[in-house]
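One structure is given here, and the rest of the page talks about it.
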Amino acid sequence: MKEGLVNWCPDCMTVLANEQVVSCCCERCDSEVEKKELKQWYFKITDYADRLVDDLDKLPGWPDSVKTIQREWIGRSYGAEARFQVEEADWSIPVYTTRLDTIYGVTFIAIAPESKLAERLNVSDEKRTEIDAYKSAAMLKNDIDRGNDTVEKTGVFSGLYATNPFSGARVPIWIADYVLAQYGTGAVMGVPFNDMRDKAFAEKYDLPIQQILTTADGSEVKEGEVISIANGVTVNSGRFSDMSSKEAIDSMAAFAEEGKFGKKTKQFKLHDWLISRQRYWGTPIPIIHCDKCGQVPVPESSLPIELPIISDYLPKGRSPLADVDEFINVKCPTCGGDAKRDADTMDTFVCSSWYHLRYADPNNGSAPFETDKANSWLPVDKYIGGITHATGHLLYFRFITKFLHDLKLIDFEEPAKELFNHGMVSDSSGQVMSKSRGNVVSPIELMEQRGVDVTRLAMYFTAPSDKEVLWSDAALVGVEKFLLNKVIGLPALYDASCSDLKSHFKQADLSSADWDFYTVLNQQLKRITDDSEKLQFNTVIAASMELSREIERATDITPALRNYSVRVLIQVLAPLIPHVAEEIWQTLGFKESIFKSQWPKVDDSALVSQTITMAVQINGKVRGQIDIAPDADSATALSAAKASESVVRHLDGKTVVKEIYIPGKILNIVVK
RNA sequence: GCGAGAAUGGCGGAAUUGGUAGACGCGCUAGAUUUAGGAUCUAGUGUUUCACGACGUGGGGGUUCAAGUCCCCCUUCUCGCACCA
């Protein structure tokens with residue numbers, strides 16, 4: 001539990017974690033978030049920051065986009081801390097910098113107005129009033145206004161000075177709201193020569209700019225424009241002059257460490273996870289506050305704490321549980337005296353970080369789950385969710401998994417091997433449908449009107465699963481026709497009197513036409529199988545439609561083969577239209593559920609057609625087509641091509657320069 | 001500003017390793033069937049041209065026998081981060 005500036009949503013009347021603030025606004029209700037100084041509970045996710053970054057490399061099954069977003073959100077940077085002694089005081093101001101090599105260019109120190117360092121400055125009363133006024137004004141601005149780098153930078157001079165530990169130079173100490181209190185040390189060294197922001201500030205307040213770098217590659221040097229570490233060479237930097245930036249950083253850090261005024265460090269943008277919420281729906285925080293004993297955890301034997309049933313859940317600015325006396329007032333587990341429960345509940349993202357473990361052991365009455373059971377079922381093989389959760393749920397999910405692993409409750413460190421980001425579904429007005437927005441209405445209406453299977457099929461068919469779907473009822477028409485006219489009619493194409501349930505056929509046993517059909521069937525089955533694995537259901541459905549037409553037209557084939565093709569089609573469609581498929585399966589005469597049947601196996605010996613239609617190009621333009629065996633030799637292909645009238649016409653009067661023949665692909669004749 | 005992704009008919013979208021661009025569906029056109037409407041079935045449907053053909057995957061260049069696909073530059077859109085020192 002710690003005191004700090006927290007995000008407060010005035011509409012939801014609760015605090016929020018950083019991850020729940022989107023562009024300064026509450027992710028649920030879009031109200032502008034305020035800053036409040038409150039004492040709240042946090043999970044120390046920052047202790048896991050390094051592992052959360054490093055282990056991303058162990059997740060080949062996660063999309064790069066999500067990994068990049070997480071990496072940037074955690075925001076690890078390597079740099080150094082250096083301390084600037086405050087004049088006529090017994091303390092020093094620490095600053096964090098990734099560019100220690102520029103420290104000879106420091107012409108001022110800037111401290112964030114909310115920083116504790118600003119309070120600590122021993123300034124005159126007059127200055128204190130000025131600084132306080134500046135701080136209040138800064139805190140009233142929202143982060144967007146403050147964070148916008150086009151906005152003019154402002155600050156207040158404290159009247160105090162500090163000493164550069166490297167150069168001994170005397171630099172003024174300023175309070176400036178372009179410095180973030182919650183990152184690094186809350187203070188920065190101002191190097192206007194190698195930083196746009198510092199330059200803008202220095203120009204506004206007439207502070208000097210001092211060159212301390214030049215470029216290794218001889219490119220133009222401009223004040224304020226950053227010279228990269230790879231390209232920097234130090235100048236005017238005392239004994240560290242004329243070094244590469246890299247070299248300078250290393251030897252300066254060593255020097256600072258020796259002199260005990262600095263060292264190499266790293267920083268993260270990630271903050272601790274604020275989990276207290278002033279809401280009803282959430283897990284009660286299992287802490288009892290006792291005047292005598294302080295914060296006492298609820299003993300394990302009394303867990304879990306169940307929410308009391310109440311009638312008024314509306315937010316009032318404090319937890320609704322705070323007003324439930326019989327819940328709040330308890331005896332202290334340590335001393336037995338009167339005490340009170342913590343009234344807040346946990347962020348619901350806490351629950352979604354571990355609930356999957358409970359599925360492995362749902363009836364366990366004495367513990368959340370048994371380690372052996374969790375280990376045997378998990379981690380999750382394929383986790384499907386929206387990319388909107390990249391920095392929220394998906395980060396917490398990984399963090400809690402690592403934490404439980406460290407407690408030896410589970411033996412894996414990552415919750416999901418594979419992650420698939422599905423697209424969002426927007427309603428016809430373009431609003432993204434989401435649980436928190438509560439506009440997930442249209443599919444429910446649709447399911448009532450047209451049935452669940454039609455709705456599912458329409459959703460899958462409209463767009464590939466990773467793309468956004470703009471919902472429109474027109475998408476329903478085609479799939480509904482397919483379902484009603486083709487799929488429902490499948491039993492009519494099935495010869496129930498044929499008891500041969502063969503699923504594998506040999507070329508020698510079939511007529512040429514039957515073998516052709518069997519080949520097409522296997523080609524489509526392969527497409528469907530591969531695309532299903534990739535969750536690309538739109539093409540699965542397209543292939544199923546094609547297959548359905550093939551079956552319909554194959555009236556003369558042997559019944560065992562036709563029956564097999566009908567079974568294949570209904571089996572591959574079953575995951576998409578479970579209700580209809582199950583019913584048809586029964587109609588075909590099967591007693592067991594279709595979902596207990598095996599996914600049909602692709603016959604690899606029947607994937608190559610006997611003849612294919614190949615394009616014939618002259619100078620790269622299609623001029624004719626030939627029907628040919630896929631493995632025919634070039635002479636055969638060439639003579640077949642010369643039987644085509646338009647090929648002959650385009651060859652007329654020309655000299656053949658080159659013939660490119662790729663069996664099974666193309667015949668291209670280059671002429672002059 | 002930085003980072004990531006995308007751009008294909010009237011529309012949603014297909015196209016292993018570069019190899020017939022537009023699969024599948026919607027819409028549209030014509031025909032069949034029907035008392036009519038709906039439904040169903042058949043055929044057609046990138047643009048342009050009488051035709052041969054020409055042109056065509058956001059724009060411009062390049063590599064190649066061959067480019068939606070590979071390389072360079074540009075435009076637009078979506079998403080993420082946003083003074084992180």
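Throughout, a chain's letter reflects where its sequence line sits, starting with A, and its residues are numbered from 1.
If you take CD of A:Gln523 and P of B:A23, they are 18 Å apart, rounded to a whole angstrom. Between the NZ atom of A:Lys486 and the P atom of B:A39 there is a distance of 15 Å, given to the nearest Å. Distance CD (A:Glu27) to C1' (B:C79): 16 Å, rounded to an integer number of Å. Atom NZ of A:Lys467 and atom P of B:C11 are 13 Å apart (whole Å). Note: CG (A:Asp531) to P (B:G13) measures 17 Å, nearest angstrom. Distance, A:Gln524 CD to B:A14 P: 16 Å, rounded to whole Å. Residue A:Ile488 contributes atom CD1, which lies 18 Å from atom P of B:A39 at whole-angstrom precision. Regarding A:Met459, its CE atom lies at a distance of 17 Å from the C1' atom of B:G13, rounded to whole Å.
Residue A:Arg649 places at least one side-chain N or O closer than 4.0 Å to OP1 or OP2 of B:G53. Residue A:Lys153 places no side-chain N or O under 4.0 Å from the OP1 or OP2 atom of B:C83. Note on A:Arg549: a side-chain N or O is less than 4.0 Å away from OP1 or OP2 of B:C24. Regarding contacts with the backbone of B:A85, a side-chain N or O of A:Tyr183 is found under 4.0 angstrom from either OP1 or OP2. The phosphate of B:A15 (OP1 or OP2) has a side-chain N or O of A:Gln536 nearer than 4.0 angstrom. In this structure, A:Lys658 does not reach the B:A66 phosphate: none of its side-chain N or O atoms is under 4.0 Å from OP1 or OP2.
You'll find the side chain of A:Asp466 stays beyond 4.5 Å of the side chain of A:Asn421, heavy atoms only. Side-chain atoms of A:Gln210 and A:Phe193, non-hydrogen and from C-beta on, never get closer than 4.5 Å to each other.
Looking at A:Tyr48, its side chain never comes within 3.5 Å of a backbone N or O of A:Arg398 through a donor-acceptor pair. A donor-acceptor pair is defined here as one N or O able to donate and one able to accept, closer than 3.5 Å; no such pair exists between the side chain of A:Glu114 and the backbone of A:Lys135. The main-chain N or O of A:Leu535 is found under 3.5 Å from a side-chain atom of A:Ser465 such that the two form a donor-acceptor pair. The backbone N or O of A:Asp50 lies less than 3.5 Å from no partner atom in the side chain of A:Lys266, so there is not a single donor-acceptor pair.
Looking at heavy-atom distances under 4.0 Å, A:Gln625 makes contact with a base. Within the nucleic acid shown, A:Val95 has no heavy atom closer than 4.0 Å to any nucleic acid atom. Counting non-hydrogen atoms under 4.0 angstrom, A:Ile660 reaches a base of the nucleic acid. Using a 4.0 Å heavy-atom distance criterion, A:Asn485 is classed as a sugar-phosphate-only contact. No contact: A:Arg76 has no heavy atom under 4.0 Å from any strand. When heavy atoms are screened at a 4.0 angstrom cut-off, A:His650 is found touching the sugar-phosphate backbone but no base atom. Here A:Gln617 lies in heavy-atom contact (under 4.0 Å) with a base.
For B:U69 and B:A7, the P atoms lie 11 Å apart once the distance is rounded to whole Å. Rounded to whole Å, the separation between the P atoms of B:C65 and B:C74 comes to 28 Å. B:G62 and B:G80: their P atoms are spaced 39 Å apart (whole Å). For the P atoms, the distance from B:A43 to B:A23 is 15 Å, rounded to whole Å. Of the P atoms belonging to B:G68 and B:U57, the separation is 7 Å, rounded to the nearest Å. Rounded to whole Å, the P atom of B:A4 lies 13 Å from the corresponding atom of B:C72. Using P as the reference atom, B:C79 and B:U45 are 39 Å apart when rounded to the nearest Å. On the C1' atoms, B:G27 is 15 Å away from B:G46, given to the nearest whole Å.
Centroid-to-centroid, the aromatic rings of A:Phe201 and A:Trp174 come within less than 6.0 Å. The ring of A:Phe461 has its center no closer than 6.0 angstrom to the ring center of A:Phe482.
Picking from B:G12, B:A4, B:U20 the nucleotide with the shortest atom distance to the side chain of A:Phe461 gives B:G12. Of the candidate nucleotides B:G19, B:C26, B:A85, B:A85 has the atom nearest to the side chain of A:Tyr178. Here the side chain of A:Asn668 is nearest to one of B:A85, B:A4, B:G19, namely B:G19. Checking B:C55, B:U20, B:A85 against every side-chain atom of A:Thr97, the shortest atom distance belongs to B:A85. Considering only the side chain of A:Asp177, B:C83 comes nearest among B:G53, B:C83, B:U20.
Shown here, B:G5 is classed anti by the O4'-C1'-N9-C4 or O4'-C1'-N1-C2 angle, which is more than 90° from 0.
Evaluation of atom-type donor-acceptor distances gives no pair under 3.5 Å for the side chain of A:Lys269 against the base of B:C81.
A salt bridge between A:Asp57 and A:Arg71 is present, with a side-chain N of the basic residue lying under 4.0 Å from a carboxylate O of the acidic one. A salt bridge between A:Lys534 and A:Asp530 is absent, with no side-chain N of the basic residue lying under 4.0 Å from a carboxylate O of the acidic one. The pair A:Asp195-A:Arg99 does not meet the salt-bridge criterion, since no charged nitrogen lies less than 4.0 angstrom from a carboxylate oxygen.
Helical stems involving RNA chain B, defined as 3 or more consecutive Watson-Crick or G-U pairs under 3.5 Å, span B:1-7 with B:75-81, B:10-12 with B:24-26, B:27-32 with B:40-45, B:46-48 with B:53-55, B:58-62 with B:70-74.
In this structure, A:Thr68 and A:Arg553 both approach RNA chain B, and ranking their closest nucleotides by distance from the 5' end singles out A:Thr68. Checking A:Ile69 against A:Ala187, the closest nucleotide of RNA chain B that is more toward the 5' end is the one next to A:Ile69.
The distance from the CZ atom of A:Arg623 to the CG atom of A:Asn668 is 11.0 Å, given to the nearest 0.5 Å.
Sorted by residue number, the members of residues 537-545 of chain A with any non-hydrogen atom under 4.0 Å from RNA chain B read A:Asn538, A:Thr539, A:Ala542, A:Met545.
Of the options A:Ile103, A:Ile212, A:Asp101, a side-chain contact (heavy atoms from CB on, under 4.5 Å) to A:Ser237 is made by A:Ile212 and by none of the others.
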